[in-house]
Every structure is written in C-alpha cells, then in structure tokens.
Amino acid sequence: MTMTGNAGPTGGIRIRRSRLTKIVATLGPSSASPEVIARLFETGVDVFRLNFSHGSHADHGARLAVLRDLEARTGRPIAVMADLQGPKLRIATFAAGPVALAPGQRFRLDLSMEPGDATRVGLPHPEIFAALTPETDLLLDDGRVRLRVAACGADFAETVVVSGTRLSDRKGVNVPGVVLPLSPLTPKDREDLAFALDQGVDWVALSFVQRPEDVAEARRLIGGRAALLSKLEKPQAIAHLAEIIEMSDAIMVARGDLGVELPAEDVPTLQKRIVRESRRAGKPVIVATQMLESMVSAPAPTRAEASDVATAVYDGADAVMLSAETAAGAYPVEAVSIMDRIARRVEHDPLYRTIMDAQHPDPQKTSADAITAAARQVAHTIQAAAIVTYTTSGSTTLRAARERPEVPILCLTSALDTARRLQLVFGVHAVHTEDVANFSEMVQTATRAAHADGIATEGQRLVITAGVPFGTPGNTNILRIAWVGAE
C-alpha cells in the first residue's frame with residue numbers, strides 16, 4: 001500500500017505516501033468520474049494534470065471540483081496542474097485521403113488551404129516559412145516523414161522527400177534546430193490560462209518553451225496566482241537551459257518532441273542533464289512522456305518501461321508522470337499502482353541511496369543552506385523519522401528537498417496554496433496548519449502532525465528547521481531536535 005495515517009483534523013484519512021518520488025497523473029475520459037479520481041489518489045497520485053490540449057473548460061472545471069471535494073474529505077492538500085497546449089504546427093488536409101510518398105520526390109508546402117494531393121499540401125503557418133532556409137529539414141507525423149527544403153520563400157517551401165511513405169491530414173510539423181518566431185501562448189492558451197487561474201489551479205505548465213523570454217511572458221500573465229512549470233520539449237531551449245531553469249518554478253522533461261527533433265540516442269543523456277541541473281538549482285523536475293505507454297491497452301508494462309521509470313527515480317527526479325495511461329487508457333489505476341511500486345522498489349535499493357548521497361549539490365555560502373545541509377546529516381546520524389520545515393513561501397522546504405534526504409520532509413505551512421504546490425516536490429508531506437505564534441508552538445504542532453499522520457511514533461525524533469522571525473521567506477536560521485510524545 002502507498003498510504004498510511006490516522007484520522008486528520010477534517011475527519012478524513014491523512015494519506016502519507018511510503019515513497020519520496022512523486023507521481024503526476026493526467027485526467028481524461030478514462031478518469032473523469034469521482035470514483036476513479038478517488039482511487040487514483042488513494043493508489044498514489046500526488047499531482048493531477050489537466051491537459052488543455054483536450055477537453056472543454058466544463059470538463060476541466062468539473063474534475064477540479066471533484067479534486068477539491070476530495071481534498072476537503074481527506075484533509076490532504078492536492079496539487080492541480082493546468083498544462084497549456086501551446087502552438088500546434090500542423091499541415092492542412094488532403095482531397096482524397098492519405099497520400100503516398102517516395103524518397104526523392106518533390107513535395108510542396110504553401111499557405112493555400114486548398115485540399116492537398118501527392119504533390120503539395122497547405123501549411124498554414126507563415127512563421128515557419130519565415131524561418132526556413134535551403135537544406136533545412138522538416139519532420140512530419142512525429143518524424144515518420146522527413147522533408148528537406150530545396151527552395152523557399154515567404155509563403156512556400158519546395159522540398160524533397162528524404163524518408164517516409166505516407167502522409168495524412170493534419171499531421172504535426174517539427175523544424176529541428178530552428179528557433180521559430182512564435183509565442184508559446186496562443187489565443188486559445190490565453191483563454192485557457194485565464195480560466196485555469198480563475199479556477200484556482202496550483203501549477204501552470206507552459207508548452208513549446210524556446211527562450212527565457214517565453215517564460216517571462218507567461219510569468220507576467222500568471223501574476224503570481226500559480227506556480228510556473230516550463231516544459232522542455234524543444235531542443236532550442238537547451239541552449240538557454242540555466243536561464244530557463246532559474247526563471248521557472250519547476251521543469252518538465254517532455255520527451256515527446258525531444259524524441260522527434262533529436263536523435264534517439266541523445267534523449268537519455270539530455271534527460272539526465274536536465275534533471276541534474278534542475279536539482280542543482282533546487283527546482284522540482286518531472287520526467288514525462290511514454291513512461292508506461294503500453295498500459296494504455298495492456299494491464300502490465302514492458303520490462304523496458306519499468307526500467308525507464310526506475311531510471312528517472314535513480315536520477316533523483318522529483319516526479320514521474322503518466323499521460324495517456326491514466327487519461328485515456330484501459331488501466332488507469334493499475335498504471336499508477338505499478339509506477340508506485342517501481343518507485344518504492346528503487347528507493348529501497350541500497351544503490352539508490354548511494355547515488356543520492358553522491359550527488360548532493362554544494363550548498364550556497366549562506367546560513368540557510370548550511371543549516372539545511374546539516375539537517376540532512378543530523379537526521380541520518382540520529383535516525384530521525386523526518387525533517388520538519390515550517391514555511392510560508394515554500395523556500396525552506398525546497399531547500400530541504402534539494403538535499404534529497406532519506407527521510408520524509410514534513411512541511412508545515414499556514415498557506416494552503418503553498419501546501420498544494422509542494423505536493424510536487426521530492427519527499428514532501430505538506431500539512432496545512434493554523435499559523436503559530438512562536439517557535440515553541442511550532443515544535444508542538446510538528447510533533448503532533450508527525451504522530452497524527454503516521455510519520456513518526458512515540459519516542460522517535462524529528463529534525464526541525466525554520467526561520468525566525470516567522471514570515472521572512474528564505475530565512476532558515478534554526479535547527480532543533482525534538483522528541484515525539486504520545487498524543
């Protein structure tokens with residue numbers, strides 16, 4: 001089982017995960033009912049993703065209402081992520097259905113929306129033509145068709161088929177190695193973002209990030225009403241990796257488009273680099289796309305998929321994500337259960353702890369970083385049940401998670417939005433509490449919460465960090481060891 005705990009203050013069951021790595025799951029037709037959503041949560045989902053590439057505002061609003069009701073009944077903060085579609089670059093349609101292609105043949109792309117044939121098709125994206133040069137490659141249908149530009153202008157491209165034998169309506173277009181003059185936020189995205197923020201989502205995932213300016217534009221629109229996650233799915237973003245990570249609240253390794261625009265052998269090393277750089281910066285990082293893809297239609301994953309999930313956990317990712325597996329698959333609950341079991345199995349492997357201990361980022365030369373690094377070491381030495389952080393903004397807790405401790409991080413916060421957002425973060429068990437007046441009251445609250453939620457039993461110890469005076473973000477300046485007494 002992935003949950004333990006006693007009755008919480010709302011009368012619900014306080015669910016405590018028995019793993020440190022988090023699970024993100026996408027809601028969709030297979031997981032729309034309150035019953036299935038509750039089962040997904042009980043089985044192990046920490047963050048629920050609403051994919052605005054599909055479904056109506058009414059659909060997403062109804063699912064969010066179910067999640068907030070579930071949150072109230074269980075007494076557990078639940079994080080909700082709105083994933084914006086971003087610009088979808090697609091060809092137009094063909095007059096007589098799919099066309100046959102042969103390597104070496106000429107094929108024209110243009111702005112005309114006349115139905116296409118075996119010699120041409122519409123591409124209603126002038127921004128693509130503006131960025132093309134001769135010898136540029138275009139990838140269509142997730143790379144199944146490759147075209148090379150022979151000649152181009154402001155409204156056309158004459159190409160030669162390099163590979164691929166068939167092309168059908170509205171297939172996607174990728175332009176590897178080219179920064180397209182596109183905002184990641186389409187008019188549809190702006191409408192979806194306004195709706196999601198009004199509904200009170202906790203995270204906004206930004207698609208098609210190419211440059212730091214894209215992140216800045218989204219952050220201005222969000223205005224602090226949700227945390228911002230940048231999806232790294234375009235190779236062009238890697239040239240600005242450090243800046244994008246710094247400007248984002250979290251990062252997603254979205255391997256779908258990366259796998260189209262990059263050679264397959266480059267994606268695993270890039271995944272590791274992004275995870276490593278995000279961890280070094282103390283930003284949560286998700287590994288996503290096709291993790292248990294076969295479970296869309298099969299009750300068990302392939303061995304390769306199980307290894308893929310395990311690799312992300314061994315790398316120290318904060319979270320692993322399910323997409324179609326839970327949104328449209330036949331076995332949504334089973335997919336979460338298997339992902340939970342894989343993560344727990346890896347985390348109990350002695351090699352996992354060896355890897356985590358070998359990869360602690362160097363602390364910054366601040367008292368806050370020094371105390372947080374010491375808290376991890378003290379927790380290990382005295383075999384504490386948990387590290388406790390008291391936070392308003394979440395910065396103290398994020399700093400603790402950056403250390404990848406071997407015990408849970410019990411986060412106490414009087415800010416419900418902070419408690420929800422931190423559900424994405426490695427090892428964090430967030431508890432929404434009343435505000436406390438002083439450090440002594442905070443210690444009492446921590447020991448009671450640890451006992452009530454099954455994190456610690458009577459006689460176990462907690463390592464507590466906080467910033468005094470309270471309410472000063474990032475001001476971690478106290479470390480204390482406390483004993484858990486009987487309730």
Glu127 vs Leu89, side-chain contact (heavy atoms from CB on, under 4.5 Å): CA-CA, chis, key distance, verdict: CA-CA 10 Å; Glu127 60 275 7; Leu89 307 177; 4.0 Å; yes
Passes side-chain contact (heavy atoms from CB on, under 4.5 Å), Glu406 versus Met356? Steps please. CA-CA 9 Å; Glu406 60 199 274; Met356 292 302 101; over 6 Å; no
Residue pair Leu232, Val253: steps toward the side-chain contact (heavy atoms from CB on, under 4.5 Å) verdict: CA-CA 5 Å; Leu232 299 185; Val253 189; 5.9 Å; no
Go through the steps for Met291 and Glu305 under the test side-chain contact (heavy atoms from CB on, under 4.5 Å), then give the verdict. CA-CA 6 Å; Met291 301 215 79; Glu305 289 168 339; over 6 Å; no
Salt bridge (Lys or Arg N to Asp or Glu O under 4.0 Å) for Lys171 and Asp142? Distances and angles first, verdict last. CA-CA 8 Å; Lys171 292 303 181 184; Asp142 288 338; over 6 Å; no
Salt bridge (Lys or Arg N to Asp or Glu O under 4.0 Å), that's the test. Do Arg39 and Glu42 meet it? Break it down for me. CA-CA 5 Å; Arg39 288 180 64 199; Glu42 292 164 3; over 6 Å; no
Candidate pair Thr391 and Thr389, rule side-chain hydrogen bond (donor to acceptor under 3.5 Å, both in side chains), full reasoning: CA-CA 6 Å; Thr391 185; Thr389 62; over 6 Å; no
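The closest side-chain heavy-atom distance from Ile128 to Leu123 is below 4.5 Å. Residues Leu180 and Phe208 form a side-chain contact, since some pair of their non-hydrogen atoms from C-beta on lies under 4.5 Å apart. Between Phe107 and Leu109 there is a side-chain heavy-atom pair separated by less than 4.5 Å.
By the 4.0 Å N-to-carboxylate-O rule, Arg19 lies close enough to Asp46 to be salt-bridged with it. A salt bridge links Arg219 to Asp249: one of the charged nitrogens lies within less than 4.0 Å of a carboxylate oxygen. Between Arg211 and Asp214, at least one side-chain nitrogen of the basic residue sits less than 4.0 Å from a carboxylate oxygen of the acidic one, meeting the salt-bridge criterion. Salt-bridge annotation for Arg190 and Glu217: present, with a side-chain N of the basic residue lying under 4.0 Å from a carboxylate O of the acidic one. Ion pair Asp69/Arg73 flagged as a salt bridge, since at least one NZ, NE, NH1 or NH2 atom sits closer than 4.0 Å to an Asp/Glu carboxylate oxygen. Under a 4.0 Å N-O distance rule, the pair Arg344/Glu347 does not qualify as a salt bridge. Between Arg68 and Asp202 there is a salt bridge, since a side-chain N of the basic residue sits under 4.0 Å from a carboxylate O of the acidic one. A salt bridge does not link Lys234 to Asp257: none of the charged nitrogens lies less than 4.0 Å from a carboxylate oxygen. Using a cut-off of 4.0 Å between Lys/Arg side-chain N and Asp/Glu carboxylate O, Asp308 and Arg255 are scored as salt-bridged. Here Arg276 does not pair with Asp315 in a salt bridge; the nearest charged N to carboxylate O distance is not below 4.0 Å.
Proximity of a side-chain donor or acceptor of Thr186 to a complementary backbone N or O of Gly86 within less than 3.5 Å is not detected. Listed for the Gln105 side chain is a donor-acceptor partner under 3.5 Å among the backbone atoms of Ala118. Looking only at distances, no side-chain donor or acceptor of Arg108 sits under 3.5 Å from a matching main-chain atom of Arg120.
Minimum interatomic distance between Val346 and Tyr352 (heavy atoms only, all atoms of both residues): O-CB, 3.1 Å. Heavy-atom minimum distance, Pro235 versus Leu262: CG-CG, 3.8 Å. Across every non-hydrogen atom of Gly143 and Val260, the tightest pair is N-CG1, 3.9 Å. In terms of heavy-atom proximity, Leu322 sits nearest to Thr26 at O-OG1, 2.8 Å. Minimum heavy-atom separation, Glu334 to Met295: C-CE, 3.7 Å. Taking both residues in full, the closest heavy atoms of Leu84 and Ser207 are given as O-OG, 2.6 Å, listed atom of the first, atom of the second, then distance.
Residues His432 and Arg420 bring no donor and acceptor atom of their side chains to less than 3.5 Å of each other. A side-chain donor from one of Asp192 and His57 sits under 3.5 Å from a side-chain acceptor of the other. Side chains of Thr372 and Glu403: no donor on one and acceptor on the other come within 3.5 Å.
Exactly one of Asp340, Val24, Ile78, Val336 qualifies for a side-chain contact (heavy atoms from CB on, under 4.5 Å) with Val45. That residue is Val336. Checked options Arg404, Lys22, Arg402; the residue passing with Asp318 is Arg404 (criterion: salt bridge (charged side-chain N to carboxylate O under 4.0 Å, His left out)).
Enclosure of atom CZ in Arg345 is not indicated, since only 12 or fewer non-hydrogen atoms of other residues, nucleotides or ligands lie within 6.0 angstrom. For CD of Glu246, the number of neighbouring non-hydrogen atoms (other residues, nucleotides, ligands) closer than 6.0 Å is 12 at most. By the 6.0 Å contact criterion, CD on Gln359 is enclosed, its count of non-hydrogen atoms from other residues, nucleotides or ligands being greater than 12.
If you take NZ on Lys283 and CG on Leu229, they are separated by 11.0 Å, rounding to the nearest 0.5 Å. Distance check: Ser230 OG to Ile244 CD1 gives 6.5 Å after rounding to the nearest 0.5 Å.
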